[in-house]
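Note sheet for the following structure.
Whatever order the structure lists them in is the order used to number ligands and atoms, beginning at 1.
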Amino acid sequence: MAEKPQPVVVQYCQVCGLPAEYCEFGSEFDKCKPWLIQNAPDLYPDLLKEANAKEADKVSDQLQSTGISSADSGSSSEAKQEEVKRLPGGKIKKKEKKEVVIEKVVRNKRKCITTVKGLELFGVKLSDASKKLGKKFATGASVVKGPTDKEQIDVQGDISYDIVEFITKTWADVPETAIFFIEDGKKVPAA
Ligand SMILES: [Zn+2]
């Protein structure tokens with residue numbers, strides 16, 4: 001039954017020296033990101049999306065600040081501005097929806113991780129939740145910084161089928177209607 005060990009070519013990150021797939025667990029993940037986008041985009045597909053989104057933000061910022069916007073895009077960017085709050089220092093804080101987002105991430109074809117984001121929005125302590133999830137599913141679980149620097153819980157293995165019931169039973173403040181899965185890049189309600 002034992003699987004034959006297959007030769008694996010490990011790609012080492014030129015920034016932090018870890019195997020690229022472990023960069024996100026290292027302390028310099030932010031610095032690794034540009035290298036990863038260039039050299040290991042398949043390991044971190046989110047980074048590319050994130051980078052593209054940032055690029056788009058920049059462009060729309062430039063348009064707004066230079067006043068170059070066509071008549072019809074002017075009205076839509078005004079509407080957009082109402083949705084976002086500008087923090088001191090010019091940072092934009094997007095309104096955050098209160099929801100828990102679960103995503104199954106497959107790395108290197110064999111390793112599967114289930115990420116859980118947003119529990120903290122319901123007053124759940126992530127370190128506590130991580131321990132409970134690890135215990136319940138008899139697997140490794142840890143609080144890590146996600147691609148956008150927000151903390152999330154990474155659970156080893158695919159637990160996406162049982163996790164909704166566990167969350168709603170364990171944390172009564174989280175309604176099933178607030179739980180979503182990411183499937184093929186789309187957000188799908190769990191309820
Ligand atoms: Zn790295």
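Distance CG/Asp46 to CG/Leu36: 12.0 Å, rounded to 0.5 Å.
The number of protein N, O or S atoms lying under 2.8 Å from the Zn ion (ligand 1) is 4.
Legend: residues meeting side chain to side chain donor-acceptor pair (under 3.5 Å) with Lys169, ordered by chain and number and at least two apart, are Glu165.
Considering all non-hydrogen atoms of both residues, Thr168 and Val174 come closest at CG2-O, 3.6 Å.
Within 6.0 Å of atom NZ in Lys145, 12 or fewer heavy atoms from other residues, nucleotides or ligands are found, so the atom counts as exposed in its surroundings.
Taking the six-membered ring where tryptophan is involved, the planes of Phe29 and Tyr44 are tilted, since the angle between them lies from 30° to 60°.
When only modelled atom types and interatomic distance are considered, Asp154 and Gln152 share a side-chain donor-acceptor pair under 3.5 Å.
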